[in-house]
Amino acid sequence: MVSKRRLSKSEDKESLTEDASNARKPPLSKKTKKSHVHNEVDENNNVFIKLLKTSGIILKTGENQNQLAVDQIVFQKKLFQTLRKHPSYPGIIEEFVSGLESYIEDQDSFRNCLLSCERLQDEEASMGTSYSKSLIKLLLGIDILQPAIIKTLFEKLPEFLFERVNSDGISMPRLIISQLKWLDRVVDGKDLTTKIMQLISIAPVYLQHDFITSLPEILGDSQHADVGKELSDLLTENTPLTVPILDVLSSLRLDPKLLSKVRQLMISKLSSVRLDDLPVIIKFILHSVTATDALEVISELREKLDLQHCILPSRLHASQSKMKNKGQTRSSGNQENSGQDCVFLLFDVIKSAVRYEKTISEAWIKAIERTAPMSEHKIFDLTMLLIIYSTNTQTKKCIERVLRNKIRSGCFQEELLQSTFYIHYFVLKDFCPSILSLAQNLLHSLDQSIILFGSLLYKYAFKFFDTYCQQEVISALVTHICSGNEAEVDIALDVLLELAVLNLSAMRMNAVFVKGILDYLDKMSPRQIRKLFYILSTLAFSNQHEGSNHIQDDMHLVVRKQLSSTIFKYKLIGIIGAVTMAGIMAADRSRSSSLTQGKADLSNEQYTQVTSLLQLVHSCSEQSPRASALYYDEFANLIQGGKLAPKALEWVGQTIFNDFQDAFVVDLHVVPEGEYPFPVKALYGLEEYSGVDGIAINLLPLLFYQDFATDVGRMTSQESDHKLVSPLCLPPYFRLLRLCVARQHNGNLEEIDGLLDCPIFLTDLEPGEKLESMSVKERSFMCSLIYLTLNWFREIVNAFCCQMSPEMKGKVLTRLKHIVELQKILEKYLAVTPDYVPPLATFELETVDVIPQTSTAVSAKIRKQGTIGGRKCKAGGNKTSSYDTFSKEDGSECDPTPSDRGHLEKESKKKEEKTVLLQNYAFFRELDMEVFSILHCGLVTKFILDSEMHTKATEVVQLQAPELLFLLEDLSYKVENMLTPSVARRVPFLKSKGNQNIGFSHLHQRSAQEIARCIVQLMTPMCNHLENIHNYFQCLAAENHGMVDGPGMQVQEYHLMSSCYQRILQIFHGLFAWSGFFQPENHNLLYLALEVLTNRLKQREPDQPLEELLSQSFHYLQNFHCSVPSFQSALYLLRLLMVILEKSTAPAQKKEKIASLARQFLCRLWPNGEKEKSSIPNDQLHALLGIYLEHTDSVLKAIEEIAGVGVPELINSSKDASSSTFPTLTRQTFVIFFRVMMGELEKTVKTIQAGTAADSQQIHEEKLLYWNMAVRDFSILINLIKVFDSRPVLHICLKYGRLFVEAFLKQCMPLLDFSFRKHREDVLSLLETFQLDTRLLHHLCGHSKGEEIISQNSQESAANESEDDTPSQVSKSKAVENGEDDEASDGEKDSDESDDDSD
C-alpha cells in the first residue's frame, strides 16, 4: 500500500485524463474530447461537485459514467484531507452531504453515483484494485462521511421499494444495498443494523430475501448477536423468509442457545414446510448440531421429517421410467423436475453431512438403532443406513450390525425395502457398488432372515437400477453360486430365477454370465442343478426370441454331452438337465396364453423336439438301473409340478402305462417257474381273486434273474421272451405312472387302483429256524427282497393315501401295517447279515459319494464272480441290469476309496448297524407329506367283497401304535430337516454336506412355510393321539398304584406309547421353535397353531389376543407333565413350554412354573430303559438341570438344596442307590450335577454388580447377604471333592473355582471395603470361609501337578494365579481400620500360610 501511495503522489499534478486517453486511444479525435467536456456537470458553486472534482472525480450527466482521474485510494485520501482542513469543518460535511442530496434528486444522477466509475488513469500506473467502485462506495469508505451517507441512502431507498425494475434491468433497491457490502470499516454498526432491519420489515417479500442474504456481507461481527436475535423473531412471524434467514444464521457467529432455539423451531415446522425449502432447513439443522446434542437432534429430526414431500415427484418419475421401458413417450413437466431436483439437493445435503461429520453419522446410526422394535420404521431409516454405509467407510461394520439386528427383530421387512427402492432409487443408484457389497456380506450370514434380506437387495437393485448395475448384480450372484457355500448357492439361484421371471429380456442380455456356471456343476447338489437348468431353459425357451437361439444351442450341446458321458455322475447331471429343459419346452402355457384362441398347446415342431429329447434320455439311461430310476423320479417331479402341456402329457401317459404293465405286472394265475432258491408265492394280497382276473407284481423273479442268473449261466424261456427291467426301477416307475394318471384324471386313481390290493410274487419272509442255515448270498437276497417290497408299499401308500373312499383308506392302513411288520422281519435278517448294503431307493448325486455302489457287500470272491457273470451276460446280448453289473459299470468312476471301505467294515462290527441301515433314508422311498393325513383316521370300516361285488363281511381298521410311531418318526425327521435352523443341525467338519438331505428331495421342493402349514393342519389329530396316550399312562399309573412301571406293565406296549409321546412333543417343539414365525407373513400361521391348542381347553372364541392364546396353550401343555413317561419326553415338554414362553411379552409369570416342573422331573424316579443302567442320557440331564437353575427364583438356594440335602443323602446311601429327594442324582450322574451347579454359581455371581461408595446402606447389606450365600454354596461344592475325587470332578473344581475367585476379587472385594466398618463380623466370617476354600484350591492344584494330570495343567496354572492374589486382597481389607495392626499381621500370617500351601 505504501508503494501505491508513492506512485500516486508522483503523478498527482499530471494531466491524467489526456495521458490515459492517449495511451488507450492514440488516434482520438478532437470531437471526442469536446464531447467529454460537454457532458461534465456544471459546478454552480456546489461544494459537493467542486470538492469531488478537486479530489479526482468528474461527474457526468445522462448515461455517461462518472470519471475517476486518480487512484481510488488517492481520491479518498484527498477528499478526507480537504474536508478535515477546510476552515468550516465540521460544517463542511453537512454542506457536502446537502450537495450530494440535491445532486441525487435526479434519478439518472443517482444511478450514476451507484454505478462504478470510469477510470481515466492508466491501468499499469494504478496500483489499486482492478475494478472501479461507485462514487457512493468511495464516499462510504471515508469515516467522517459514512454515517451521513448511510442516512441519506436509507432516506432515499424507500422511494424505489415498490417501483418496477428499470428497462436496463437494474434494481435500484438492490443497487443501493450493494453499496453497503464489504465496507472496510463500519463506523456505527448498531445504527446500521437498526436501519437495515427496519427496512426489511417494510420491504416487499422479493426484496426482503435479498436484503436478508446481504446481511453477513454488510454487518460486522459485533452485530451478529443482535441480528441473529431479530432474525429468529422474524422467522416465527414470516414463514416465506425461512430460507434466507437460515442461510444468514448459518453464516453468523451466534450463541449456541439461540441456534438451538431456532433449530428446535425448524424441526417443529418440518411437516408443514415447502419442498423447495427443505434442503436449506435440513442443512441448517445438521450444521448447527454439536457433539453433545447430536443424538437428540437426529432422533427428533428422524421423527419429524416426513418424506411425503418427496414421494410424489419420485413416484411420478418412476412411473415415467416404466413407461419408457415399455416404449411409450415420457413427458415430464417443470413441477416434477423441480420436485426431483429438491429431493436430489436434500440428499446431497445429508450425504455431505454424514460424510464429513463423524458425529452426525454416528448419531444417525444410534437413533435408528435405539428405535423401539415395536414402533414402525420409516423408509427414510433404511435409506439413511444405505447412504451412510456407502459414504462413510468407517461405519460399515456398525451399520451391518444394526441391519442384522433390525432384520432379526422383524423391523426391516421386504415391504419396507421395496418401498425404499421404489421411492428413492434415483438416489440409491449412485451407491450400487456399496449396496452389492452389503448384500454380499449379508449372504454370508447363518441367519435365514438376513440371507433373505441380502437376496432382496440384489433383486431390487436389478429391478430399479440401470443396465450396468444389472450386469454387476448378475456377476455378484454368479460369484456366490461358484463359491461352493450351499446356503449362498441356493439363495443366489433363487434370486436368478426370480430375476428371470421379473425381467426376462434384461436377463437374456446377461445370459453369458449365467452359462459360465455350467463349469461348476460338480460342486452342486441335484436341487441346485435343477434350479440352474430351469433358469437357463427359461432364458432359452420362454417367449421365443431371436436372441435366445444361441442359448438353446448351448443347452442342447451341454445336455447331449453329459448324457453320452461314460462318467456316471455326469450322466445323472445330464438326466436332470434334460428333463428340466423338456419341462420348460413342453410347459403348459394355457394360463399365460388365454387370449390366444386354441394356441396354448404345443406346436408340432415343439412336440417333436420334446419327445425326441425324452427318448434320447431314455435310451442313454436304460443300461443303468440307477440312471433309469433317476430319470423316472425327475420326470415324476416334473409332472407333479403340473406344468406339462396336455399333448406332451398324453404321450407320456400312454408310453408309461404300457411299459410298466409289460415290465412288472403279470397274471396272478400264472405262477413263475424256474430254479428259484425259494418257493414263489403270491403274498400280501388284499382281495381274493378267482379265475384269470387277478394280477401280481413280479418281484422275486426279477430280483432272481438279476442276482442269481449270472451264477447258473443260462437263461430260461421266460427271460428270453421279453426284456427284463431291474426291480430297482419299480417304485420310481410306479410313482411316475400314478402322478401321470392323477394329472390326467384330476386326482382319480381308479384306473390303477388294482395295484393297491394286488399281491406280490415273493416267498415266505419269516425267517424261522432256517435263518441260520441260509448262505450269505441267500440272506442278502432276502434282505434285498424285503427292502424292495417295503419301498413298493411306501410308494403305494404315497399314491392312495388321499383317496376318500373308506375302502381305500382301510387298504392304505393295511399296507401301513405291512410296512411295520416287514421292518421287524428285516431287523432279524440284518442282525445275521453284517456286511450287507441295501439297494438304493434315492438316486440323486448326493448318494454317489456316500453309499457304496453294491447291493450285497458279501465276500470279495462272491462280488468278483457276480461282476464277471454280469459282463458275460451283457456280452451275450442280454440287457438285464443287476446291482452288481451296475456297480461294476460305474465302479471306475464312483467306487468308494479304500478308506471308505475300511470305515464301512469298522461300522459293520457295531451292534447298532441294523438300526443305522433302517434309519438311513437312502435305502427307503420318501413318504410324501400327504401321507400324514392318515393321522386323521380314527376307526375305518373296511368292506370285504365277494366275487360278485357283494359285501361279504366288514372289518374295522384302526391306526395302531406301531403304525402311529412309524408315521410320527418320519414326520419328526421332516420337521427337523425343514424347520430346525441350519445352525442347530450344522454338519461336522469333513462330513459330506449332502448327507443330511438324502431322502428328502421331494420335501425340499416345498418351502418351509408350506411344511409348517401342513404341520399346523395335523396338530388336531396329533393332540388327539397325545391325549389318548396321556390317558393310557394315567390309567396305567392308577392300576399300578401310582407306578407306571409296575409288575403288570407290558414292556413293549409301554415303550411304543412312550416313543409316540416323545415324538409328538418333538414335532410340536420343532414347529413352535421355527424361526419363520417371527416373519409378519407367518403370524397368522402362529395364531392358527396356538388356537388349536387353546381350543382343546375351551370353546373357540374369535379374535383372541396373542397373549391369551399363549397363556392358554402353555396351560394346556403343562397339564401333560403328570403323565410324562420318560425323561426325554419331560425335557421336550419343558423345551416346548420355553419356546411358547419366548413368544410372550410377559414371560416372568410362567417362568416359575417351568422351574417347578423341572424340579418335579428331577425329583421323579424314572423307569429304567432297556439297558441295565439309568435311562437318562447325560446331555439331557445336563440340559434339564440347567433349565431348572436358569428359571428358579433363587439359584443360590436351589444349589444349596441340591448340594446340602441331595448329595449327603447320596453319600449315606448304598453304592447303586440314589438320593431320596432327587432320584436323578446318582453316583453316575453326580458329575453332571456338579458341573451344572458350579457353572450356574459362577454365572450368577458375575451378574452381581460391584458395590460403590455411592450405594445406599440397604443395597450394601443386600449384596453382602447375597455374597455370603454364594461363598457358602461355593464352600459346600468345593468340599465335595473330598468324597467324589474323580478326575472330571477335579477338572470342574479347578476350572470354575478359578472363575469364581476372579469374580470375587473384582466384584466382592470393593463391597467388603465399604461394608467393613458397619458389618465387621460378617465380613471377617465371609473372608475366613473364602480363604479356607482358596487353600483347598491350592491343595488341589498341587495334587494335580503331583499326579501329572495333563488335562488339568492349564486350569491349575490359571487357578494358582487367581488364588495368589486373594490373600493380599484379604489382608488389605482387614487392615482398613486404623489401629488394627494385630489383624493386619494375622492377615499377613494367613497370606504366608496360603503361600506355603501353594508351594
Side-chain angles (χ1 to χ4, degrees), residues 932 935-936 938 964 968 971-972 975 979 1012-1037 1044 1057-1074 1077 1082-1161 1164 1184 1187 1191:
F932 301 105
L935 292 172
H936 289 276
L964 175 63
L968 292 175
L971 183 58
S972 68
V975 170
L979 301 185
R1013 190 169 295 278
C1014 291
I1015 306 295
V1016 171
Q1017 293 172 354
L1018 295 172
M1019 282 185 67
T1020 298
M1022 283 194 287
C1023 285
N1024 292 334
H1025 291 300
L1026 185 63
E1027 291 168 11
N1028 292 336
I1029 299 171
H1030 166 78
N1031 295 334
Y1032 165 82
F1033 285 115
Q1034 290 283 84
C1035 295
L1036 194 63
V1044 293
M1057 290 295 189
S1058 177
S1059 299
C1060 291
Y1061 199 109
Q1062 178 184 337
R1063 289 296 181 183
I1064 293 175
L1065 292 177
Q1066 190 174 347
I1067 293 168
F1068 282 179
H1069 173 261
L1071 173 65
F1072 285 103
W1074 179 47
F1077 280 136
N1082 296 322
H1083 286 173
N1084 289 337
L1085 198 58
L1086 176 61
Y1087 273 84
L1088 291 175
L1090 294 173
E1091 281 180 352
V1092 172
L1093 299 179
T1094 303
N1095 294 340
R1096 311 298 296 189
L1097 288 178
K1098 60 181 183 180
Q1099 293 182 351
R1100 183 173 184 178
E1101 298 178 7
D1103 301 329
Q1104 295 186 76
L1106 178 62
E1107 282 300 320
E1108 178 65 20
L1109 292 174
L1110 288 169
S1111 177
Q1112 293 295 331
S1113 300
F1114 186 94
H1115 183 58
Y1116 170 73
L1117 293 170
Q1118 181 191 357
N1119 293 336
F1120 290 100
H1121 77 278
C1122 57
S1123 65
V1124 174
S1126 66
F1127 192 85
Q1128 293 89 334
S1129 300
L1131 180 59
Y1132 271 113
L1133 178 60
L1134 281 177
R1135 286 175 172 169
L1136 175 58
L1137 292 173
M1138 289 169 61
V1139 164
I1140 290 179
L1141 202 61
E1142 288 174 1
K1143 296 173 171 54
S1144 173
T1145 55
Q1149 302 173 358
K1150 302 288 190 303
K1151 194 175 179 181
E1152 299 176 7
K1153 293 183 179 179
I1154 290 181
S1156 175
L1157 288 179
R1159 190 183 186 283
Q1160 290 181 38
F1161 294 147
R1164 183 184 296 187
L1184 195 143
I1187 291 172
H1191 289 79

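Atoms considered below: every heavy atom in the structure, side chains included; atoms not considered: hydrogens, waters and symmetry mates. Just so we're clear, the structure is a prediction, and the values are computed from it rather than from any experiment.
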- line: Only residue of Asn1084, Leu1090, Leu1088 satisfying side-chain contact (heavy atoms from CB on, under 4.5 Å) with Leu1086 is Leu1090
message: Would you compute the distance between atom SG of Cys1122 and atom CD of Gln1034 and round it to the nearest 0.5 angstrom?
response: 4.0 Å
message: Check whether Lys1143 reaches the backbone of Phe1072 with its side chain - one donor and one acceptor, N or O, closer than 3.5 Å.
response: yes
message: I'd like to know whether Lys1153 forms a side-chain contact (heavy atoms from CB on, under 4.5 Å) with His1191, so could you lay out the CA-CA distance, the side-chain angles of the two residues, the decisive distance to 0.1 Å, and finally the verdict.
response: CA-CA 9 Å; Lys1153 293 183 179 179; His1191 289 79; over 6 Å; no
- prompt: With a 4.5 Å limit on heavy-atom distance, are the side chains of Leu968 and His1025 in contact?
  reply: no
field: Short side-chain to backbone donor-acceptor contact, Ser1113 and Leu1110, under 3.5 Å
entry: no
- request: With sequence neighbours left out, write down each residue that passes side chain to side chain contact (heavy atoms under 4.5 Å, CB included) with Thr1020, or none if nothing qualifies.
  value: Asn1024, Val1092, Arg1096
query: Are Lys1098 and Glu1108 close enough for a salt bridge, meaning some N to O gap below 4.0 Å?
result: yes
- line: Residues Ile1029 and Cys1060: closest non-hydrogen pair is CD1-CB, 3.5 Å
message: Is there a side-chain contact between Phe1068 and Met1019 in this structure, where contact means two heavy atoms from C-beta onward sitting under 4.5 Å apart?
response: yes
message: Is the shortest side-chain heavy-atom distance between His1121 and Leu1133 below 4.5 Å?
response: yes
- request: Please state whether the rings of Tyr1132 and His1069 are parallel, tilted or perpendicular, taking 30° and 60° as the class boundaries.
  value: perpendicular
Pairwise distance CG(Leu1117) to CG(Leu1136) - rounded to 0.5 angstrom: 5.0 Å
query: To the nearest 0.5 Å, what is the distance between CZ (Arg1063) and CG (Leu964)?
result: 12.0 Å
field: Contact check, side chains of Asn1082 and Trp1074, non-hydrogen atoms, under 4.5 Å
entry: yes
query: Do Thr1094 and Gln1104 have side-chain N/O donor and acceptor atoms under 3.5 Å apart?
result: no
Ser1129 to Ser1058 - nearest heavy-atom pair and separation: OG-O, 4.0 Å
- prompt: Who are the side chain to side chain contact (heavy atoms under 4.5 Å, CB included) partners of Cys1035, not counting sequence neighbours?
  reply: none
- line: Rounding to 0.5 Å, atoms NE2 (His1030) and CE (Met1057) come to a distance of 13.5 Å
message: Between Arg1135 and Leu1065, does the side-chain contact (heavy atoms from CB on, under 4.5 Å) criterion hold? Intermediate values first, please.
response: CA-CA 9 Å; Arg1135 286 175 172 169; Leu1065 292 177; over 6 Å; no
task: Give, for atom CG of Leu979 and atom CD1 of Ile1067, the distance between the pair rounded to the nearest 0.5 Å.
output: 10.5 Å
query: Taking all non-hydrogen atoms of both residues, which atom of Val1139 and which atom of Ala1073 are closest, and how far apart?
result: CG1-N, 3.5 Å
query: Is the side chain of His1115 donor-acceptor paired with the backbone N or O of Leu1097 at a distance under 3.5 Å, no angle test?
result: no
query: Rounded to the nearest 0.5 Å, what separation is found between the OG atom of Ser1123 and the CG atom of Leu1026?
result: 7.5 Å
message: Please evaluate residues Glu1027 and Tyr1032 with respect to the criterion side chain to side chain donor-acceptor pair (under 3.5 Å), reporting the C-alpha separation (whole Å), side-chain torsions for both, the decisive distance (0.1 Å), and the verdict.
response: CA-CA 9 Å; Glu1027 291 168 11; Tyr1032 165 82; over 6 Å; no
query: Taking only residues two or more places apart in sequence or in another chain, which ones pass side chain to side chain donor-acceptor pair (under 3.5 Å) with Gln1118?
result: none
Trace of the side-chain contact (heavy atoms from CB on, under 4.5 Å) decision for Ile1015 with Leu971: CA-CA 9 Å; Ile1015 306 295; Leu971 183 58; 3.5 Å; yes
message: Less than 3.5 Å apart, any donor N or O on the side chain of Tyr1061 or Ser1126 sitting next to an acceptor on the other?
response: no
- request: Check whether any side-chain heavy atom of Leu1093 lies under 4.5 Å from a side-chain heavy atom of Leu1109, and answer yes or no.
  value: no
